[in-house]
Every structure is written in C-alpha cells, then in structure tokens.
Amino acid sequence: MLLVLALTALGADVWSEPQPGVSLLERTTSAPAQRITAAYVDRCGSLNARATRYDERRQRTSAWGEDVGASVAINGAFFSYTDYDAVGYSVGEGEPWPTAWDHPDFTAIGFGSRGRARIWDPSDPLPPPFEDWWTQVVPGDPVLLRGGEVVHEPCYSHMCSRHPRTAVGLTDAGEVLLVTVDGRTAGASGMTRIELAELMRDLGATRALNFDGGGSTTLWVRGRGVVNVPSDGSERLVASHLGFVPGERVGCCERAPVDGASGLFADIPDGHWALPYAEALYTQGVTTGCQAEPRLFCPDCVLDRAHLGVLIARAADLEPSESRSFVDVASDIWYAGHLEALLEAEITSGCATDRYCPDRFATRFEAASFLVRAIGLPLEPPEGRFSDVTEAQAPLVEALERACVVSGCAEGRFCPDDEVSRAEAAKMIAVGLSIGEFAPCTEEEGSNRDSAPGGSDTEAESEGSDGPDVSDQDEDDDSHDGDSSSAEDDEDSARLDLTRSGCGCTSSPAPASWLALAIFGLLTGRRKETRH
C-alpha cells in the first residue's frame with residue numbers, strides 16, 4: 001500500500017535531451033498536484049553561464065535567451081516593478097549593474113571561468129560583493145540548501161504558502177540545476193519554501209537558491225520554447241535571467257583511473273613525468289591524493305589557494321596554528337590552522353588585508369612566491385630571463401630557476417598568471433622542499449619547457465577543477481572556484497582574470513569593491529517593491 005501511494009505521489013517523469021549538455025526532466029504528480037520542470041546543465045562541458053547585463057533587463061526569458069544565443073534560460077532575481085532594477089548584487093558579462101544594491105537578506109549565485117560556480121549566503125565570512133572572480137551573478141533569496149541540508153529559517157512574506165517557484169542549484173556531479181514549479185492552477189498547486197528546498201535536494205542539488213517566483217517563473221529551452229506553464233497565462237517581463245550559452249569546452253577536472261597506471265595512483269600512468277613527485281608527496285604524508293578509492297591524484301586538476309597552502313605547509317613541516325587572522329577563512333574549517341601557519345612563517349601575507357582568498361585557483365606565480373619563502377632562497381636583481389613576468393615578480397621566479405626548481409612554460413616565458421595544476425605543484429614542492437630524492441640541477445639541460453626533463457613543473461595546459469580535493473581535507477566544502485592574477489609580493493590581487501589563451505592571460509577589471517557597494521546600499525537602503 002505504501003509503495004502504491006509513493007508511486008502515485010511521484011507520478012510521471014519524462015526525460016529528454018533537447019540541447020547538447022542539457023538534460024530535461026518534466027514531472028507531474030497527483031498527491032499533491034504538481035508540475036515540475038528541471039534542466040540539468042553540464043557546467044564542465046561546452047555551455048558557459050550567462051547572466052543579464054543591465055542594458056538587457058526588462059525582457060521575457062524566451063526573448064533574452066534567443067538574443068544571447070542560450071541553449072537554456074530561466075528567470076532570475078526579484079526586482080522593482082517600476083524600474084526593473086534587480087534586488088541584490090547583479091553582474092552580467094563581467095559588468096556590475098550600476099543600480100545594484102546589496103540587501104543583507106539577499107544572496108547570489110556567481111559563475112566564473114572553467115565552470116566555477118558558488119552560492120553565497122550571509123553565513124559565509126566573505127563580505128559583499130562576495131567573490132571578485134564572478135563574471136556572471138544573479139541574486140536570489142533565500143538559500144534553500146547548504147551542504148545538502150535544508151535551511152530552516154523563519155517565514156516571511158509568501159514563503160510558507162504554496163506559489164509558483166523558481167530555483168537554481170549546484171550538484172556534486174558538476175551540474176547546474178534550473179528548476180521551475182508551476183502553481184495557481186488546478187493541475188499545479190505550487191510549493192512552499194521548505195517543499196522547494198526538499199525538492200532541490202531530492203533532485204540532486206547540494207546547494208540551492210530561490211529565485212523570483214509567482215508569475216515570473218519561466219524556464220525556456222531552445223527548440224522547445226517555454227517548457228513550464230507561467231501562472232499569468234503568458235510570460236512576464238522580468239529584470240534578469242540566468243542562461244547557458246554554447247562556447248569552448250569548459251573542461252572541469254575529471255577524476256577517473258587511466259590505463260597503464262600501476263603505481264600508487266590509478267590516474268597517473270607509468271612513465272608520466274609527474275609520477276615520482278606525486279608519489280614522493282604521498283609517501284612523506286604531504287598529500288593523500290584527491291580520492292581514496294581508487295586512489296587518485298588528479299594531476300591535471302587546478303589547485304585552489306587553500307590546497308596549495310596546505311601542501312606547502314605540510315611539506316615545510318609547519319604545525320597548524322591555533323590563531324585566526326583571515327576574515328574569509330572560517331575559524332573551524334579544516335585548513336584554517338595550516339594557512340595561519342603560513343602567515344606566521346611569513347610565507348604568505350594573504351591576497352588582501354586580512355584575507356587569504358582560499359577558494360581562488362592558485363597561479364604559477366603564487367606557487368613560486370610561496371615556495372621561494374618556504375625554501376628561504378635569496379633574491380637577486382632580475383636578469384630578464386622571462387619576458388612575461390613583472391619587475392616585482394622577476395626576482396622570485398628567477399630565484400626558483402637558479403635553484404633548478406622551474407624552467408618556464410615556453411622559451412623565455414614563465415606564464416605567471418596561469419593556474420597551477422596539481423602535477424605542476426607536486427613537482428615544484430617535491431623538488432623545492434626536498435621531498436624525495438631529486439637533484440634538479442643535474443638533470444638533462446636544454447629544455448625550454450617545464451613539461452620536459454630539466455625542471456618539469458608543467459605537462460600541458462591544465463583542465464581545471466570543479467570541486468574540492470576531497471581526500472586532502474577533512475570535510476567537503478563549497479566548490480573551489482576562482483581565479484587570481486598576481487601582483488607585487490604575495491598580495492596576489494583581487495583583480496579578475498577572465499580570459500586565457502595558451503600560457504598567457506588577459507585581465508579585465510573586477511566588479512565594484514564591496515565597500516563601494518556597501519556605501520551605495522546605505523544611501524539607497526530600502527527593499528524595493530517586487531511583484532510576485
């Protein structure tokens with residue numbers, strides 16, 4: 001009897017793949033009557049997140065999706081019905097909305113390069129505007145799921161009654177989940193906030209955020225049109241949207257065994273240049289890899305600053321510190337003591353005043369600057385050995401070259417702003433801090449690239465990572481998403497690194513500073529009217 005009731009409640013699930021990288025679930029239930037539509041978007045494939053620019057606001061979701069060439073799009077933020085300003089911090093194509101204002105109750109989902117995504121909420125220690133690597137940001141309210149758990153907060157407004165709903169979520173499988181729940185009709189009763197959160201969890205999200213619902217709720221798919229049933233009877237003009245546009249392959253880190261791997265790690269084949277360095281770090285307890293069963297190292301995954309710091313702290317035999325100095329590092333998070341030890345040893349001074357930026361992907365220069373201080377190498381006037389490093393970076397990079405820890409990414413180039421892979425970092429740390437028996441200055445000379453004998457700390461352009469390095473940490477945290485471009489010393493900068501080509505990169509201005517936004521919020525600090 002219970003099984004029959006469960007099947008009745010579940011109703012019909014219809015799956016399709018209307019666009020490459022998009023899986024569509026259309027579900028109807030009878031107890032209660034619900035009409036649910038969910039699009040699973042592979043953020044590691046060839047679809048790139050796209051949010052509405054300020055000059056694109058006040059459009060129907062279908063029209064905006066068509067205009068930007070999206071494969072799938074959903075309505076976004078709550079907004080003022082008089083001027084169509086989004087409620088909360090909004091960024092489209094790297095451009096913050098000029099009218100963006102931050103309300104302490106409002107949260108956001110942000111996307112960067114290489115499939116990176118994060119949902120920020122007021123429980124995070126990071127102040128607005130959340131993450132400076134975000135190039136596409138859509139605000140919402142409230143957070144539905146945090147760490148796979150339903151967020152229970154006091155009700156306000158319409159959140160505890162059933163209405164049409166829109167939500168976005170992130171799964172541990174590297175997907176973005178776009179969901180609409182129809183309502184206000186005989187065949188669709190809508191959901192409360194808690195019911196929506198439970199639905200997002202059941203659909204596989206571990207983090208989820210509520211978007212504007214009611215008559216705004218719209219999910220559009222190219223080739224299918226609007227796939228839900230808006231409660232107004234037709235689409236509503238809305239302020240902002242979230243879509244996914246075909247482009248170059250994102251290439252998030254893939255974790256899987258490979259053929260020909262008989263050593264400690266099932267994803268590093270015999271003869272791979274990084275194998276001895278990775279095994280040396282494992283043998284000395286510096287790393288346990290990126291996965292325990294089967295044991296993987298994830299050589300092509302990009303390290304975030306938190307993991308880079310932990311590996312160097314362990315390799316340098318630094319005891320975790322009980323002090324806490326970084327405002328963006330939670331005091332009880334597993335890596336806090338290691339990062340504090342780096343600060344006390346003057347290996348890092350953080351990315352800005354009182355900040356470490358743990359979720360940003362680390363760059364080759366950041367790895368080099370950490371290592372120079374950890375090793376204690378002397379600095380000398382630069383000789384201009386690398387054409388792509390700044391005057392401030394050159395002494396540190398050339399110190400590592402003199403010690404035969406690195407040789408560059410190409411002839412006369414170091415590629416300082418390229419993200420550093422786990423394989424690159426393994427070589428640099430093992431050789432630089434003498435983890436294992438390596439004599440780099442006696443290796444074969446003549447290479448102009450770190451991927452060959454003579455100072456190998458890179459094999460090829462790294463693929464990036466869409467999640468945490470689970471075996472090198474005590475608990476699963478949020479996705480490790482973020483770029484960093486280097487500045488003088490280890491104040492590695494909060495500038496936004498958007499586009500990369502080969503070994504080089506170009507930088508674009510970051511969104512407005514959190515202080516400017518905070519001042520703007522105080523000047524305009526009112527909850528703008530929204531129409532539900």
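Heavy atoms only: backbone and side chains are in, while hydrogens, waters and symmetry mates are out. All residue numbers in this chain count up from 1 along the given sequence.
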Within the 4.5 Å heavy-atom criterion, are [X] and [Y] side-chain neighbours or not?
X: Trp120; Y: Tyr89; answer: no
X: Pro139; Y: Val87; answer: no
X: Leu24; Y: Thr37; answer: yes
X: Met200; Y: Leu177; answer: yes
X: Asp300; Y: Ser421; answer: no
X: Phe78; Y: Asn210; answer: yes
X: Asp328; Y: Tyr356; answer: yes
X: Pro358; Y: Asp304; answer: no

Under the rule for side chain to side chain donor-acceptor pair (under 3.5 Å), what residues qualify as partners of [X], not counting sequence neighbours?
X: Thr166; result: Asn75, Thr217
X: Ser240; result: none
X: Arg193; result: none

Test of understanding: with side-chain contact (heavy atoms from CB on, under 4.5 Å), list the residues that count as partners of [X], not counting sequence neighbours.
X: Ser62; result: Arg60, Trp220, Val226, Glu235
X: Glu95; result: Arg53
X: Val258; result: Ala261, Pro269
X: Ile194; result: Val150, His152, Thr192, Glu198

So how far is it from [X] [atom1] to [Y] [atom2], rounded to the nearest 0.5 Å?
X: Arg305; Y: Cys357; atom1: CZ; atom2: SG; answer: 6.0 Å
X: Gln59; Y: Thr52; atom1: CD; atom2: OG1; answer: 7.5 Å
X: Thr171; Y: Leu203; atom1: OG1; atom2: CG; answer: 11.0 Å
X: Arg236; Y: Asp212; atom1: CZ; atom2: CG; answer: 7.0 Å
X: Thr348; Y: Phe370; atom1: OG1; atom2: CZ; answer: 4.0 Å
X: Leu144; Y: Glu195; atom1: CG; atom2: CD; answer: 12.0 Å

Of all heavy-atom pairs between [X] and [Y], which one has the smallest distance, and what is that distance?
X: Arg27; Y: Leu199; result: NH1-CD1, 4.3 Å
X: Ala205; Y: Gly169; result: CB-CA, 4.2 Å
X: Ser71; Y: Pro246; result: OG-CG, 3.4 Å
X: Ala362; Y: Leu308; result: CB-CD2, 3.7 Å
X: Gly215; Y: Asp232; result: CA-OD1, 3.7 Å
X: Leu209; Y: Ala108; result: CD2-C, 3.7 Å

Checking [X] side chain against [Y] main chain: does a donor-acceptor pair fall under 3.5 Å?
X: Asp182; Y: Val229; answer: yes
X: Ser216; Y: Gly214; answer: no
X: Arg146; Y: Val151; answer: no
X: Asn228; Y: Leu219; answer: yes
X: Gln136; Y: Glu93; answer: yes
X: Arg165; Y: Met191; answer: yes
X: Gln34; Y: Gly190; answer: yes
X: Asp388; Y: Phe414; answer: yes

- Please walk me through it: do Tyr40 and Trp15 pass ring pair (Phe, Tyr, Trp, His ring centres under 6.0 Å)? CA-CA 11 Å; Tyr40 291 80; Trp15 286 91; 5.6 Å; yes
- Task: For the pair Leu25 and Asp13, evaluate side-chain contact (heavy atoms from CB on, under 4.5 Å) and give the outcome as yes or no after the intermediate values.
- Result: CA-CA 7 Å; Leu25 167 64; Asp13 280 5; 3.8 Å; yes
- When you take the SG atom of each Cys, Cys298 and Cys290, is the space between them under 2.5 Å?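 With an SG-SG separation under 2.5 Å, Cys298 and Cys290 do form a disulfide.
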- Task: Report the C-alpha separation of Leu170 and Ile109 in whole Å, then their side-chain angles, then the decisive distance to 0.1 Å, and conclude whether the side-chain contact (heavy atoms from CB on, under 4.5 Å) test is met.
- Result: CA-CA 10 Å; Leu170 301 173; Ile109 184 169; 4.1 Å; yes
- Message: Please evaluate residues Thr185 and Arg35 with respect to the criterion side-chain contact (heavy atoms from CB on, under 4.5 Å), reporting the C-alpha separation (whole Å), side-chain torsions for both, the decisive distance (0.1 Å), and the verdict.
- Response: CA-CA 10 Å; Thr185 67; Arg35 188 165 53 241; 3.8 Å; yes
- Query: Listed by chain and number, what are the ring pair (Phe, Tyr, Trp, His ring centres under 6.0 Å) partners of Trp64, not counting sequence neighbours?
  - Reply: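 Applying ring pair (Phe, Tyr, Trp, His ring centres under 6.0 Å) to Trp64 gives His241.
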- In chain order, what residues pass the ring pair (Phe, Tyr, Trp, His ring centres under 6.0 Å) check against Phe211, with sequence neighbours excluded?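 By the ring pair (Phe, Tyr, Trp, His ring centres under 6.0 Å) rule, Phe211 matches no residue at all.
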- Query: Among pairs that include at least one residue of residues 218-228, which meet salt bridge (charged side-chain N to carboxylate O under 4.0 Å, His left out), considering only residues two or more places apart or in two chains?
  - Reply: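 Output for this query lists Glu26-Arg224, Glu66-Arg222.
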- Query: Going by the ring-ring contact (aromatic ring centres under 6.0 Å, His included) test, which pairs reach into residues 167-186, not counting sequence neighbours?
  - Reply: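 Matches after skipping sequence neighbours: none remain.
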- Task: Please report the C-alpha distance between Asp85 and Tyr54 in whole Å, then the side-chain angles of each, then the deciding distance to 0.1 Å, and finally whether the side-chain contact (heavy atoms from CB on, under 4.5 Å) criterion is met.
- Result: CA-CA 8 Å; Asp85 285 347; Tyr54 182 70; 3.8 Å; yes
- Message: Arg57: which residues meet the salt bridge (charged side-chain N to carboxylate O under 4.0 Å, His left out) condition with it, sequence neighbours left out?
- Response: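 Expected list: none.
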- Indicate the ring-plane relationship of Phe79 and Tyr84, choosing parallel, tilted or perpendicular according to the 30° and 60° boundaries.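 The rings of Phe79 and Tyr84 lie parallel, inter-plane angle below 30°.
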